[in-house]
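A, B, ... follow the sequence lines: proteins, then strands. Residue 1 opens every chain.
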Number of protein chains: 2
Amino acid sequence: MEEGRALMSFAALSQETRLHIVRMLVVAGPDGMAAGAVAEKAGVSPSNVSFHLKELERAGLINQQRESRSIIYTANYEGLGALIRFLMEDCCAGHPEICAPAAEVAACCAPSPEESLQ
Amino acid sequence: MEEGRALMSFAALSQETRLHIVRMLVVAGPDGMAAGAVAEKAGVSPSNVSFHLKELERAGLINQQRESRSIIYTANYEGLGALIRFLMEDCCAGHPEICAPAAEVAACCAPSPEESLQ
DNA sequence: TCCATATTTCTACAATCCTTGAAATGTTGA
DNA sequence: TCAACATTTCAAGGATTGTAGAAATATGGA
């Protein structure tokens, strides 16, 4: 991930409403949510949610696609993963002191491929 | 990590000079760097570097300590690690699609305790 | 075609952030 | 005590960002 994109991503996540939106969309999964639903759940006006959604998309953290009258937004897993990786290897230079705690999280949320059944 | 601190951390990292400073301090390791050295290496004025260092400290990403006339800044490994963890578990809800790539990085930069010799 | 729905774009304004240079603070050694 | 050094604080200005509401765009159905 290039630095410019990382800077945009950090800026995108540094705003409360936008951080909430990302969380909501991650939880919503591949089905995503329509802009209106996001606005309602986040408690902001349609025009305001549109402003923030655009910012998040510009940063590569969410995706959009039209579905009839609605526009459906989904979390961009690739973008979010790339940002975490940037933070670990580019920014923190892979320092074990920093990355070790993250490794624990990774270990418990990402079961190894062959035993991902339970 | 509470949300407010995460927001501050993201804001802190969303500025080019500050991102560079964090990188420099991570690389510098436990010895850290004096404010003046940071300013010179980052190519900004003393007062400007002071402004950014304060912001980074407020966010909990760096530490400071006076050493004679100089003030030595060091990366705050705990703070940086906590931010990565926040991004993985709180923000991204531990989604394997997002965290798996991070797990690879973690695996290669954090050797298991009993074989950290080579 | 016309209307209702869903969303975005535009405009204006307030708030925050970044930069700059000057002045202030704290530290050391003569 | 005084001068030099390292850094921070302050004040001012310009730039960027966030918010609100009105107007515009796109879609689908009567």
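Rounded to whole angstrom, the span from the CG atom of A:L53 across to the P atom of C:dT7 amounts to 10 Å. Atom pair A:N48:CG and C:dT11:P shows a separation of 18 Å (rounding to whole Å applied). Spacing between atom CD1 of B:I71 and atom C1' of C:dT27 amounts to 10 Å, rounded to whole angstrom units. The interatomic distance linking A:E16 (CD) with C:dA15 (C1') rounds to 16 Å, in whole Å. Distance, A:Q65 CD to C:dA6 P: 18 Å, rounded to whole Å. Across the protein-nucleic acid pair, B:I72 atom CD1 and C:dT27 atom P stand 14 Å apart, rounded to whole Å.
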_Between B:R18 and B:L13, is the side-chain contact (heavy atoms from CB on, under 4.5 Å) condition met? List the steps._
CA-CA 6 Å; B:R18 286 195 295 258; B:L13 294 178; over 6 Å; no
*Show your working on side-chain contact (heavy atoms from CB on, under 4.5 Å) between B:Q15 and A:L7 and close with a plain yes or no.*
CA-CA 7 Å; B:Q15 209 280 337; A:L7 288 168; 5.7 Å; no
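For A:S47, no side-chain nitrogen or oxygen approaches OP1 or OP2 of C:dT7 to under 4.0 Å. Taking side-chain N and O atoms only, B:H52 has a distance below 4.0 Å to OP1 or OP2 of C:dT19. Contact annotation: B:R66 side-chain N/O to C:dT27 OP1/OP2 distance is under 4.0 Å.
Checked options B:V26, B:L56, B:N76; the residue passing with B:L61 is B:L56 (criterion: side-chain contact (heavy atoms from CB on, under 4.5 Å)).
Among the heavy atoms of the strands lying under 4.0 Å from B:S50 is at least one base atom, whether or not backbone atoms are also near. When heavy atoms are screened at a 4.0 angstrom cut-off, A:E55 is found touching no nucleic acid atom at all. A:A39 comes within 4.0 angstrom of no nucleic acid atom, judged by non-hydrogen atoms across all strands. Heavy atoms of A:T17 sit nowhere under 4.0 angstrom from any nucleic acid atom.
Here B:E55 pairs with B:R58 in a salt bridge; the nearest charged N to carboxylate O distance falls below 4.0 Å. Ion pairing between A:R23 and B:E3 holds under the 4.0 Å rule for side-chain N and carboxylate O.
With a cutoff of under 4.0 Å to any heavy atom of chain A, the contacted region of DNA chain D is bounded 5' to 3' by D:dG18 to D:dG28.
Under a 3.5 Å cut-off, the side chain of A:R66 and the backbone N or O of A:S68 do form a donor-acceptor pair.
In terms of position along DNA chain C, the nucleotide closest to B:R58 lies nearer the 5' end than the nucleotide closest to the other residue of the pair B:R58 and B:S45. Residue order along DNA chain D, read from the 5' end via each residue's closest nucleotide, puts A:F51 first among A:R69 and A:F51.
By the 30° and 60° cut-offs, the orientation of the rings of B:H95 relative to A:Y77 is tilted.
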